Amino acid sequence: MTIAVGQKIPSGKLKTMTAEGPKDITTDELFGGKKVVVFALPGAFTPTCSAKHLPGFVQHAGSIKGKGVDTIACLSVNDAFVMGAWGKDQNVGDKVLMLADGSGDFTEALGLTLDLTPNGMGKRSKRYAMVVDNGTVTALNVEEPGKFEVSSAEAVLKQL
C-alpha cells in the first residue's frame, strides 16, 4: 500500500556520502522536528533525472528553503557512492542531501517501488516528491510512469 497524506513516514535507515565515506541516517534523524522536501527518482545519471529533476531542486533550493523547509533530499535506489558521485557531478553542494536507499527497503516500505527489471534496471523508486512535516506526509505527488510533471521543484514550490 502506498503511503498517503496524513500518514507517518515509516522507520528506516538510509545512507549519505560524507568525506569519511558512507554514513547511516535514520528517518527519525531526517524527519524528526523538521520540514523536509523529499524527491525520488528511478536512477542517478539517468536522462530525465539528470537533465531536469535534480537540477530543478538545486536551482530552486533557496526559494524552497525560504518557505520554511529545513532539508531538501534526493532519494534513489542506488548506493551511497553513486549518489555521492552524482551529487558532485550535478554541483549539488549543500543545497540537496543525496540519499541512497541501496536495497530499496525504505522505498518498498513507502509502497513506491517501480519494477524496471524488464529494462535491466531492477527494482527502483517511482518518481515522486513529498513534503514531510515532523515525520508526517503533508503532500505527495507521484508521477505516472514516464512522466515528469507533478514532482518538479516548481510544482512543490506551489504547494509550500
Side-chain angles (χ1 to χ4, degrees), residues 3 9-67 69-117 119-133 135 137 140-143 146 148 151-157 160:
I3 195 160
I9 291 288
S11 293
K13 198 183 301 182
L14 300 162
K15 289 199 182 285
T16 187
M17 184 55 75
T18 69
E20 294 80 38
K23 177 186 174 225
D24 288 345
I25 182 168
T26 67
T27 51
D28 289 343
E29 290 172 306
L30 182 61
F31 299 110
K34 299 175 193 154
K35 188 171 189 176
V36 180
V37 169
V38 178
F39 67 100
L41 30 80
F45 294 103
T46 56
T48 301
C49 305
S50 291
K52 297 177 184 174
H53 210 174
L54 178 56
F57 280 94
V58 172
Q59 178 185 349
H60 295 291
S63 298
I64 292 169
K65 289 183 178 178
K67 299 269 188 175
V69 171
D70 298 294
T71 304
I72 302 167
C74 175
L75 176 74
S76 185
V77 180
N78 284 113
D79 63 65
F81 295 97
V82 169
M83 293 303 286
W86 190 38
K88 283 182 184 173
D89 179 73
Q90 293 282 315
N91 297 311
V92 167
D94 63 355
K95 294 177 181 175
V96 176
L97 176 64
M98 303 299 285
L99 294 174
D101 183 18
S103 298
D105 294 338
F106 181 69
T107 299
E108 189 174 324
L110 292 174
L112 291 167
T113 302
L114 175 64
D115 189 356
L116 292 175
T117 303
N119 303 63
M121 294 175 71
K123 292 190 177 166
R124 300 292 184 116
S125 175
K126 290 182 178 179
R127 185 181 306 281
Y128 67 87
M130 67 178 162
V131 180
V132 181
D133 197 345
V137 178
L140 176 63
N141 308 320
V142 182
E143 297 285 0
F148 178 62
S151 66
S152 69
E154 295 83 0
V156 169
L157 258 173
L160 292 171

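Counting begins at 1 with the first residue of the sequence. Every value quoted in this text rests on a predicted model; they were computed, and no experiment measured them.
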Do Ile72 and Leu97 make a side-chain contact, defined as non-hydrogen atoms from C-beta onward lying under 4.5 Å apart? no
Contact summary for Pro42 and Leu116, nearest pair of heavy atoms: CB-CD1, 4.2 Å
For the residue pair Thr117 and Asp115, confirm or rule out a side-chain donor-acceptor distance under 3.5 Å. yes
On a heavy-atom basis, which atom in Val82 and which in Ala44 lie closest, and how many Å separate them? CG1-CB, 3.6 Å
Give a yes or no on whether the backbone of Ser151 and the side-chain of Glu143 come within a donor-acceptor separation of less than 3.5 Å. yes
Please check this pair: side chain of Gln90 against backbone of Gly87, looking for a donor-acceptor N/O pair closer than 3.5 Å. no
Residues which pass ring pair (Phe, Tyr, Trp, His ring centres under 6.0 Å) with Phe39, listed by chain and number, not counting sequence neighbours: His53, Phe57
Can you find a heavy atom in the side chain of Leu41 that is under 4.5 Å from one in the side chain of Cys74? yes
With rounding to the nearest 0.5 angstrom, report the OG to CG distance, Ser63 to Leu160. 10.5 Å
Would you say that Leu114 contacts Arg127 through its side chain, given a criterion of any heavy-atom pair below 4.5 Å between the two side chains? no
Check step by step if side-chain contact (heavy atoms from CB on, under 4.5 Å) holds for Met17 and Met98. CA-CA 8 Å; Met17 184 55 75; Met98 303 299 285; over 6 Å; no
Distance from Leu30 atom CG to Thr16 atom OG1, nearest 0.5 Å? 9.5 Å
Considering all heavy atoms of both residues, which atom of Leu99 and which atom of Met83 are nearest to each other, and what is their separation? O-CE, 3.5 Å
Should Lys35 and Thr71 count as side-chain neighbours, where that means a heavy-atom distance under 4.5 Å? no
Derivation and outcome, side-chain contact (heavy atoms from CB on, under 4.5 Å), residues Met130 and Leu110: CA-CA 11 Å; Met130 67 178 162; Leu110 292 174; 4.0 Å; yes
Just by modelled atom types, is the Gly43 backbone N or O under 3.5 Å from a matching donor or acceptor in the Thr46 side chain? yes
Test side-chain contact (heavy atoms from CB on, under 4.5 Å) on Asn91 and Val58 and set out the steps. CA-CA 8 Å; Asn91 297 311; Val58 172; over 6 Å; no
Sequence-distant partners of Lys123, salt bridge (charged side-chain N to carboxylate O under 4.0 Å, His left out), two or more places apart: none
Any non-hydrogen side-chain atom of Thr107 less than 4.5 Å from a side-chain atom of Leu75? yes
Where is the tightest heavy-atom contact between Ala153 and Ile64, given as atom of each residue plus distance? CB-CD1, 4.2 Å
So, do Leu14 and Asp24 sit near enough that their side-chain heavy atoms are less than 4.5 Å apart? no
Contact summary for Lys95 and Ala61, nearest pair of heavy atoms: CB-CB, 3.8 Å
More than 12 heavy atoms from other groups under 6.0 Å of CZ on Phe45: yes
Would Asn78 and Ser76 satisfy side-chain hydrogen bond (donor to acceptor under 3.5 Å, both in side chains), going step by step from the backbone distance to the final call? CA-CA 5 Å; Asn78 284 113; Ser76 185; 2.7 Å; yes
Tell me, do Phe31 and Asp133 make a side-chain contact under 4.5 Å, heavy atoms counted? no
Side chain to side chain, Val36 and Val131, heavy atoms closer than 4.5 Å: no
Return the minimal non-hydrogen interatomic distance between Asp101 and Phe106, and the atom names on each side. OD1-N, 3.3 Å
